[in-house]
Amino acid sequence: MSDNWKSGTKAVHTGTRRSQYGEVSEAIFMTQGFVYESAEHAEQRFISTGDDEFIYARYGNPTVKMFEERIAALEGAEDAFATASGMAAVSGALTSMLKAGDHVVSSRALFGSCLYILEEVLARFGVEVTFVDGTDLSQWQAAIREGTKAVFFESVSNPTLEAIDIKAVADLAHAKGALVLIDNVFATPVFSRAFELGADVVIYSTTKHIDGQGRALGGVILGSRDFIRGTVEPYMKHTGGSMSPFTAWIMLKGLETMRLRVRAQASAALEVAKALQGHAAIDQVIYPGLEQHPQYDLVQRQMGAGGTVVSLIVKGGKEGAFKFLNAVQIGVISNNLGDAKTIMTHPATTTHQRLPEDQKASLGIADGLVRVSIGLEDETDLIADFLQALDGVN
Ligand SMILES: *Cc1c(COP(=O)(O)O)cnc(C)c1O
């Protein structure tokens with residue numbers, strides 16, 4: 001029956017395991033280990049753990065299992081492995097499946113830490129990575145070769161909000177036998193159709209929209225049962241990047257309200273983008289849900305909405321951007337996204353500071369660029385606040 005539930009119902013109920021007390025809210029099994037009834041029983045568990053049997057929290061835990069089952073059901077994946085952070089998920093997914101001599105193709109526009117894994121860590125272990133402009137299919141086609149092990153990309157890039165055509169890249173990758181791994185943070189599980197479009201592995205930083213309230217770091221890797229239990233789990237459980245039961249409980253509670261939050265944030269983001277478009281203090285409003293966005297049609301097909309982040313290029317470079325950031329009263333200056341609070345980031349001096357100037361330029365990270373993650377505040381207040389701040393820049 002639960003397989004037929006719509007996602008709203010799954011988000012509230014799937015994966016629930018009740019203890020003998022019949023608690024309504026999911027229990028936090030804050031335990032590192034589990035007691036065996038006998039020596040024989042312990043021996044048996046180490047040979048094979050059943051569905052609701054656990055041996056050590058690094059390997060699995062009932063609260064973490066509830067979260068894994070719920071997010072897998074929502075994303076339409078066979079299975080999931082929850083991790084300590086989004087980066088534990090990205091690095092775990094890649095390093096668990098790759099070895100020296102393998103070849104990977106990746107889009108160039110990546111979150112800074114993802115870039116570090118692909119550019120520095122994998123290279124150190126003898127994995128060859130070819131970087132492409134992810135929006136240019138001919139570059140993917142030229143780079144993916146017979147024997148390429150994996151392709152990796154962010155379906156919507158941070159912070160310039162370029163969308164990559166999942167189906168087209170997946171078709172090219174699968175023709176050469178490569179697995180498709182997607183960092184899907186900006187699409188969110190609410191607007192994701194990644195598996196339907198051909199993804200083999202989908203990764204989230206649950207720190208973002210899944211928690212959605214800025215409380216905890218977490219991540220998750222979703223994929224086939226074979227990939228998750230055969231490739232990811234042995235690597236993660238021995239290298240130590242598992243999610244804590246307390247974090248899993250926060251993320252479970254986050255999933256219950258995620259759909260309502262993310263839809264409200266995306267609809268407010270569209271209103272904000274429309275209201276700021278054409279303002280005299282702005283060179284460009286970048287929002288994938290605006291018809292003016294170069295990949296509007298692709299984004300509508302792939303996500304059905306533009307997401308919760310709006311990027312602005314404020315006139316006057318860094319000085320204009322800083323004036324704007326300092327004048328906004330509701331949004332806070334920080335570097336998370338997907339939060340209930342509107343959060344504003346100046347990528348050129350913070351998240352992407354370490355990149356050389358030419359790389360910033362090629363990624364479109366202008367000095368005037370401000371990334372705005374729209375929260376749950378009243379959108380009319382947000383718009384009025386942004387407008388008064390922009391008027392001050394002029
Ligand atoms: C935040 C983020 C990550 C890293 O997640 P953490 O939970 O901070 O480790 C990876 N990829 C993208 C696209 C992100 O936005």
Side-chain angles (χ1 to χ4, degrees), residues 64 67 71 75 80-95 106-122 134 152-164 166 181-192 194 199 201-222 236 239-244 246-248 250-251 254-255 258 262 265 269 288 303 307-311 334-339 341 343-347 350-355 363-365 369 371-375:
V64 177
F67 170 68
I71 183 75
E75 190 69 29
F81 193 92
T83 60
S85 68
M87 285 322 303
V90 171
S91 63
L94 288 166
T95 43
S106 170
S107 69
R108 196 174 287 123
L110 295 178
F111 179 70
S113 303
C114 294
L115 201 57
Y116 176 80
I117 303 287
L118 282 140
E119 250 183 345
E120 316 225 357
V121 180
L122 293 183
F152 178 82
F153 59 92
E154 291 173 13
S155 53
V156 175
S157 71
N158 172 24
T160 49
L161 310 179
E162 288 177 350
I164 292 179
I166 296 175
L181 287 79
I182 300 182
D183 179 336
N184 214 26
V185 162
F186 278 62
T188 84
V190 177
F191 300 129
S192 169
V201 179
V202 172
I203 299 160
Y204 287 105
S205 159
T206 69
T207 315
K208 314 293 167 57
H209 304 83
I210 294 175
D211 174 5
Q213 288 149 90
R215 298 166 293 195
L217 281 173
V220 68
I221 307 167
L222 299 122
M236 293 305 301
T239 55
S242 307
M243 180 179 273
S244 114
F246 184 65
T247 297
I250 290 172
M251 300 306 169
L255 286 182
M258 175 180 64
V262 167
Q265 285 164 284
M303 289 163 52
T308 65
V309 176
V310 180
S311 289
S334 187
N335 36 265
N336 193 16
L337 58 95
D339 197 278
K341 294 181 175 65
I343 292 179
M344 305 178 302
T345 311
H346 186 246
T350 61
T351 52
H352 293 70
Q353 183 181 149
R354 87 180 174 93
L355 295 185
L363 293 177
I365 300 169
L369 181 76
R371 186 187 78 190
V372 185
S373 164
I374 301 296

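Numbering of ligands and ligand atoms starts at 1, following listing order. One is the number of the first residue; the rest follow in order along the sequence.
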Considering the heavy atoms of Gly218, write down every atom of ligand 1 situated less than 4.0 Å from one of them.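 Per the distance check, 7 (O).
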Mark up the atoms of ligand 1 that fall under 4.0 Å of a heavy atom belonging to Ser85, in ascending order.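 In order of numbering, the contacting atoms are 7 (O), 9 (O).
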Side chains of Ile203 and Phe152, heavy atoms from C-beta outward: is any pair under 4.5 Å?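 They are in side-chain contact.
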Tell me, do Thr345 and Thr351 make a side-chain contact under 4.5 Å, heavy atoms counted?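 In contact.
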Determine whether any heavy atom of Ala88 lies closer than 4.0 Å to an atom of ligand 1.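 No, Ala88 has no heavy atom closer than 4.0 Å to ligand 1.
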Would you say [X] has any N or O atom under 3.5 Å from an N or O of ligand 1, going by distance alone?
X: Gly86; result: yes
X: Met87; result: yes
X: Ser205; result: yes
X: Lys208; result: yes

Which option, Val309, Asp183, Val185, owns the non-hydrogen atom nearest atom 11 (N) of ligand 1?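 The option holding the nearest heavy atom is Asp183.
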Going through the checks in order, is the side-chain contact (heavy atoms from CB on, under 4.5 Å) test met by Leu94 and Leu181? CA-CA 8 Å; Leu94 288 166; Leu181 287 79; 4.0 Å; yes
Using every non-hydrogen atom in the two residues, find where Thr206 and Met243 come nearest and quote the distance to one decimal.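 Heavy atoms only, the tightest pair is OG1-CE, 3.9 Å.
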Could you report the tightest heavy-atom contact between Ala82 and Val64, atom names first, then the distance?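 Result for this residue pair: CB-CG1, 3.8 Å.
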Considering non-hydrogen atoms of the protein only, which is the closest contact for atom 8 (O) of ligand 1, and what is the distance?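 Looking only at protein heavy atoms, the one closest to atom 8 (O) of ligand 1 is Leu217 CD2, 3.9 Å.
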Among protein heavy atoms, which sits nearest to atom 7 (O) of ligand 1, and what does the distance come to when rounded to 0.1 Å?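 Here the nearest protein heavy atom works out to Thr207 OG1, 2.6 Å.
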Option passing side chain to side chain contact (heavy atoms under 4.5 Å, CB included) with Lys208 (candidates Thr308, Val309, Leu337, Thr188):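 With Lys208 as partner, side chain to side chain contact (heavy atoms under 4.5 Å, CB included) holds for just one option, Leu337.
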Polar contact flag, side-chain donor to acceptor under 3.5 angstrom, Asn335-Thr350: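 Absent: no donor and acceptor within the cut-off.
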